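Since the structure comes first, as structure tokens, the remarks are kept for the end.
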Amino acid sequence: MNDAVYPGMRQLEAEAYQQSGYFTAGQARAHRVSRQLLDHHVRRGRFTRIRRGLYRIQGFPTAEHDDLREAWMAVGAGDALLSHESALALLDLSDNIPDGVHLLVPRRRRGLRRPAGVTLHTRPDDEEVATVWRDGLPLTAPARTLLDVADRLQPEQLSMAVRQALRRGLLTRKQLQEEAGRRRQQHTIQALLTSETHR
């Protein structure tokens with residue numbers, strides 16, 4: 001099939017190139033690429049179906065965080081953020097290997113189909129979440145990330161993560177204290193910051 005007849009195909013591929021070769025069925029529809037045309041190009045080897053509703057340009061070079069990108073796009077890149085242990089790993093604040101991909105989504109989306117290997121966490125629909133980007137992926141900012149994992153890490157691991165974040169300038173003590181106050185976790189963070197002061 002000639003792309004000159006289907007200009008949306010070129011537009012779809014241009015968008016996919018900005019997303020490490022990935023695109024969703026929704027993005028294909030937005031470019032007026034029908035399901036039948038998509039299936040045709042999968043059969044011909046132009047695209048690879050990664051999972052339900054997610055595709056990739058055949059032969060696109062793999063990247064270190066493809067598993068995170070696939071999960072993020074499959075859930076819905078519009079309002080999902082990488083969070084918890086996944087965000088901690090992307091921030092390079094932990095040596096732990098995450099047990100799967102952790103994503104934060106608005107509460108209204110809690111009933112969505114969860115891809116295998118993905119843990120969904122919810123937030124209030126109207127909550128503004130501070131976001132940073134790493135390798136073209138959005139994730140919770142360091143202060144929130146550290147508080148999200150505070151009860152999931154060993155105390156020494158959490159202390160090391162906080163120390164690294166402060167030393168590398170990823171956050172300030174004030175930002176961490178403000179986020180802890182907002183989340184009612186002042187006690188946990190105050191103990192960590194006190195121990196940092198005495199090092």
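What you see is a predicted model, and the numbers here were worked out from it, not measured in a lab.
To the nearest 0.5 Å, atoms CE (Met73) and CD (Gln19) are separated by 4.0 Å. Between the OG1 atom of Thr145 and the CG atom of Leu90 there is a distance of 9.5 Å, given to the nearest 0.5 Å. For the atom pair NE2 of His40 and CZ of Arg44, the computed distance is 4.5 Å after rounding to the nearest 0.5 Å. Remark: Leu104 CG to Arg107 CZ distance equals 10.0 Å, nearest 0.5 Å.
Using cut-offs of 30° and 60° on the angle between ring planes, the pair Phe23 and Tyr55 is parallel. By the 30° and 60° cut-offs, the orientation of the rings of His102 relative to His121 is parallel.
At a threshold of 4.0 Å, the pair Asp39-Arg35 counts as salt-bridged, since one of the basic side-chain nitrogens sits closer than that to a carboxylate oxygen. By the 4.0 Å N-to-carboxylate-O rule, Glu70 lies too far from Arg56 to be salt-bridged with it.
Remark: Asp95 CG is loosely packed, at most 12 non-hydrogen atoms of other residues, nucleotides or ligands lying under 6.0 Å away. Around the CD atom of Glu156, the shell of radius 6.0 Å holds more than 12 heavy atoms that belong to other residues, nucleotides or ligands.
Contact between Leu147 and Leu176 at its shortest, heavy atoms only, is CD1-O, 4.4 Å.
Screening Leu139, Asp135, Leu82 for a side chain to side chain contact (heavy atoms under 4.5 Å, CB included) involving Leu68 leaves a single residue, Leu82.
Ring-centre distance between Tyr17 and Phe60: below the 6.0 Å cut-off.
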For Val101 and Val75, what are the C-alpha separation, side-chain angles and deciding distance, and is it a side-chain contact (heavy atoms from CB on, under 4.5 Å)? CA-CA 11 Å; Val101 180; Val75 164; over 6 Å; no
Is there a side-chain contact (heavy atoms from CB on, under 4.5 Å) between Asp79 and Arg108 once you walk through the steps? CA-CA 11 Å; Asp79 52 11; Arg108 69 180 180 277; 3.2 Å; yes
side-chain contact (heavy atoms from CB on, under 4.5 Å) evaluation trace for Val33 with Gln27: CA-CA 9 Å; Val33 175; Gln27 289 172 324; over 6 Å; no
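Counting only distance, with no hydrogens or angles, the side chain of Trp72 and the backbone of Leu103 share no donor-acceptor pair below 3.5 Å. Between the Thr131 side chain and the Val129 main chain, a donor and an acceptor come within less than 3.5 Å of each other.
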